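See structure below.
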Amino acid sequence: MSETQTFSTLPILPLSHALDPATKPAFLADLRHALLNVGFLYLSETGLPEQLVKDVIKECQGFFQELPLEEKERIEMKNEKSFLGWSRLDNETTAFNPDHREQLDLSTPHPVPGPEAPLYHNLLAPNQWPAAQYLPQFRPVYEDYMRRMSHISTLFTSLIAEAIGLPADSFSKFFDTNQQHKLKIVKYPEVDVPDLPANASELDRKKWEIKRQGVGPHKDSMLTSYLLQASNQLGLQAQNAKGEWIDCKPIDGTLVVAIGQGMEALTDGVCASTTHRVLSPRKGEGARYSVPFFQGVSYDAQFEAMDVPADVLKLRDEARKARRDDVEFTFVKGRWGHLGEATLMNRVKSHPDVGERWYPEMLKQIRAQQAAAAAPS
């Protein structure tokens, strides 16, 4: 097992190098290595205006620090079918345990679907925005940021295609004309947890990790996601092939890019979707803030592997020997007719309060499956 396949640091790729013909070949080679062997990277020199990034961070922290509880409750996620809105602390679950975070889910704007639309089109709309009387710049700042991130994610996806030997527009057929993208703003409060002793048992270590679970071990579901770390604490970690958790420390001027399960499925496993988690900050470190942007794909898309060149598939086979896959894979071929069905099921699983109100039969099915899986054989 080579050192590159069991990464101990994340590569840093300057997006500006992809725009210069002189530096683009080296950028694509570095990107191919990151896709095959890491599945996580820092993207620098993105072209995002520095002031906009500062405003995004300011408005993120302002939402959690200044907005009254009654205003948050007015825009609570369970009020709508779309899974867009505010979630209380410990309300979302990952890997069967509550995530110790408070968050607001937003998306690019879309009309509310009509009654004839598939059920999973409920995910498209509506947004729930905090009132302008409390945060007058919040909505314009985040709409601007999502517009710009839409362009960056589309560009980066085309570069992924080129890096693995496909035409730059290979993924275009999986996007809607007015593609929905999603974004969260997240606060991870401090937790009062002691240091883990060096001689701790495996059971004690797992208990300690659950107490510090900001978000549990998971893989992102779509194609690519882009995390703006909006405060300076450690917490985000990616898991390498040895099972080691590698810190993804905040670096000014960068976004942390994660490859999603959708990208892994479409590329027949060439692009690695990497397990990651967030540990909550400990007492005295201050709350941790982050702003992840999730590139969307058409909910009507059907996931079939693309025609990746044979030489790249050979590289994939070598990289697969060292990959770690201990998280449930969402896009199993044949399980779902459309991406939207899998996405809606995952959202109900993560937010059962929304499921109880709007999708009770689906939630009942999920709980039956979970009970069957937990039953002794």
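What you see is a predicted model, and the numbers here were worked out from it, not measured in a lab.
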Candidate pair Asp220 and Gln261, rule side-chain contact (heavy atoms from CB on, under 4.5 Å), full reasoning:
CA-CA 6 Å; Asp220 290 349; Gln261 294 187 58; over 6 Å; no
Output all residues satisfying side-chain hydrogen bond (donor to acceptor under 3.5 Å, both in side chains) with Lys78, sequence neighbours left out; order by chain, then residue number.
none
Going by side-chain contact (heavy atoms from CB on, under 4.5 Å), Leu104 matches just one of Leu67, Leu183, Ile75. Which one?
Ile75
Main-chain N/O of Ala287 paired to Gln233 side chain as donor or acceptor, under 3.5 Å
yes
Any side-chain donor near an acceptor of the partner, Gln180 and Ser107, under 3.5 Å:
yes
Salt bridge check, Lys54 against Glu50: does any charged N sit closer than 4.0 Å to a carboxylate O?
yes
Is it the case that the side chains of Asp300 and His338 hold a donor-acceptor pair, with the cut-off being a distance below 3.5 Å and no angle test?
no
How would you list, by chain and number, every residue that makes a side-chain hydrogen bond (donor to acceptor under 3.5 Å, both in side chains) with Arg357, sequence neighbours excluded?
none
Before giving the answer on side-chain contact (heavy atoms from CB on, under 4.5 Å), spell out for Arg347 and Glu92 the whole-Å C-alpha distance, their side-chain angles and the decisive distance to 0.1 Å.
CA-CA 10 Å; Arg347 297 301 282 163; Glu92 185 173 7; 4.2 Å; yes
Could you check whether any side-chain N or O of Glu45 sits under 3.5 Å from a backbone N or O of Leu15, counting only pairs where one atom can act as donor and the other as acceptor?
no
Carboxylate-amine/guanidinium contact Glu356 Arg367, below 4.0 Å
yes
Going by an N to O cut-off under 4.0 Å, is there a salt bridge joining Arg139 and Glu143?
yes
Under the criterion salt bridge (charged side-chain N to carboxylate O under 4.0 Å, His left out), I'd like the reasoning laid out for Arg288 against Glu190: C-alpha separation, chi angles, the key distance, then a yes or no.
CA-CA 8 Å; Arg288 183 179 188 274; Glu190 296 176 337; over 6 Å; no
Donor-acceptor under 3.5 Å (Asn97 side chain, Ile210 main chain):
no
Output all residues satisfying ring-ring contact (aromatic ring centres under 6.0 Å, His included) with Tyr188, sequence neighbours left out; order by chain, then residue number.
none
How far apart are the C-alpha atoms of Arg282 and Asp195, what are their side-chain angles, what is the distance that settles it, and do they pass the salt bridge (charged side-chain N to carboxylate O under 4.0 Å, His left out) test?
CA-CA 10 Å; Arg282 292 192 286 182; Asp195 290 336; 2.5 Å; yes
Residue pairs passing the ring pair (Phe, Tyr, Trp, His ring centres under 6.0 Å) test where at least one lies in residues 249-276, sequence neighbours excluded:
Phe40-His276, His218-His276
State, without any angle test, whether Asn122 and Ser82 hold a side-chain donor-acceptor pair at a distance under 3.5 Å.
no
When rounded to the nearest 0.5 Å, the distance separating CG of Leu166 from OG1 of Thr267 is 8.5 Å
According to ring-ring contact (aromatic ring centres under 6.0 Å, His included), who are the partners of His181, at least two apart in sequence or on a separate chain?
Phe293
What about Tyr299 and Phe174, are their ring centers closer than 6.0 Å?
no
Enter the distance from Ser350:OG to Met345:CE here, rounded to the nearest 0.5 Å.
12.0 Å
Please identify each residue that fulfils ring-ring contact (aromatic ring centres under 6.0 Å, His included) with Tyr226, with sequence neighbours left out.
none
Without swapping roles, check the side chain of Ser158 against the backbone of Ala168 for a donor-acceptor pair under 3.5 Å.
no
Are Asp192 and Lys211 ion-paired here, with the side-chain N under 4.0 Å from a carboxylate O?
no
Atom pair CG/CH2 of Leu279 and Trp208 - distance to nearest 0.5 Å:
5.5 Å
Please find the pair of heavy atoms, one from Pro352 and one from Leu363, that lie closest to each other, and give the distance.
O-CD2, 3.6 Å
Between Trp86 and Glu102, is any side-chain donor less than 3.5 angstrom from a side-chain acceptor?
yes
To the nearest 0.5 angstrom, please state how far the CZ atom of Arg101 sits from the CG atom of Leu89.
11.0 Å
Would you say Thr154's side chain and Ser150's backbone share a donor-acceptor pair under 3.5 angstrom?
yes
When you check the side-chain N and O atoms of Gln51 and Asp55, is any donor under 3.5 Å from an acceptor?
yes
Asp307 atom CG, over 12 foreign heavy atoms within 6.0 Å
no
Between Lys219 and Thr275, is there a donor-acceptor pair closer than 3.5 Å when you use the side chain of the first and the backbone of the second?
no
side-chain hydrogen bond (donor to acceptor under 3.5 Å, both in side chains) contacts in which one or both residues fall within residues 245-256, not counting sequence neighbours
Gln237-Asp247
What residues, two or more places apart in sequence or in another chain, satisfy ring-ring contact (aromatic ring centres under 6.0 Å, His included) together with Phe171?
none
Please check this pair: side chain of Thr93 against backbone of Phe96, looking for a donor-acceptor N/O pair closer than 3.5 Å.
no
Pairs satisfying salt bridge (Lys or Arg N to Asp or Glu O under 4.0 Å), at least one member in residues 266-278, at least two apart:
Glu209-Arg277, Asp268-Arg316
Side-chain donor-acceptor pair present, Gln295, Thr224, cut-off under 3.5 Å
yes
Got a sec, which pairs hit side-chain hydrogen bond (donor to acceptor under 3.5 Å, both in side chains) with one end in residues 57-68, sequence neighbours left out?
Gln65-Tyr289
Please check: side-chain N/O of Thr274 versus main-chain N/O of Val38, any donor-acceptor pairing under 3.5 Å?
yes
Step by step, work out the side-chain contact (heavy atoms from CB on, under 4.5 Å) result for Cys271 and Ile160.
CA-CA 9 Å; Cys271 298; Ile160 289 175; 4.0 Å; yes
Treat each ILVMFWY residue as a node, draw an edge where side-chain heavy atoms are under 4.5 Å apart, and state whether Leu223 and Tyr120 are in one component.
yes
Enclosure of Lys81 NZ (heavy-atom neighbours >12, cutoff 6.0 Å)
no
Applied to residues 124-166, the ring pair (Phe, Tyr, Trp, His ring centres under 6.0 Å) test, sequence neighbours excluded, yields Phe63-Phe138, Phe138-Tyr142
Is it true that Lys24 and Asp20 have a side-chain N and a carboxylate O under 4.0 angstrom from each other?
no
Where do Glu244 and Gln239 land on the side chain to side chain donor-acceptor pair (under 3.5 Å) test, with the steps shown first?
CA-CA 5 Å; Glu244 299 166 335; Gln239 190 179 44; over 6 Å; no
Using the rule given for side-chain contact (heavy atoms from CB on, under 4.5 Å), can you reason through Ile246 versus Thr9, listing the C-alpha separation, both sets of side-chain angles and the distance that settles it, and then say yes or no?
CA-CA 7 Å; Ile246 307 304; Thr9 59; 5.7 Å; no
Which residues satisfy the side-chain hydrogen bond (donor to acceptor under 3.5 Å, both in side chains) test with Asn127, sequence neighbours excluded?
none
Per side-chain contact (heavy atoms from CB on, under 4.5 Å), Leu41 is matched among Ile259, Leu31, Leu255, Val256 by Leu31
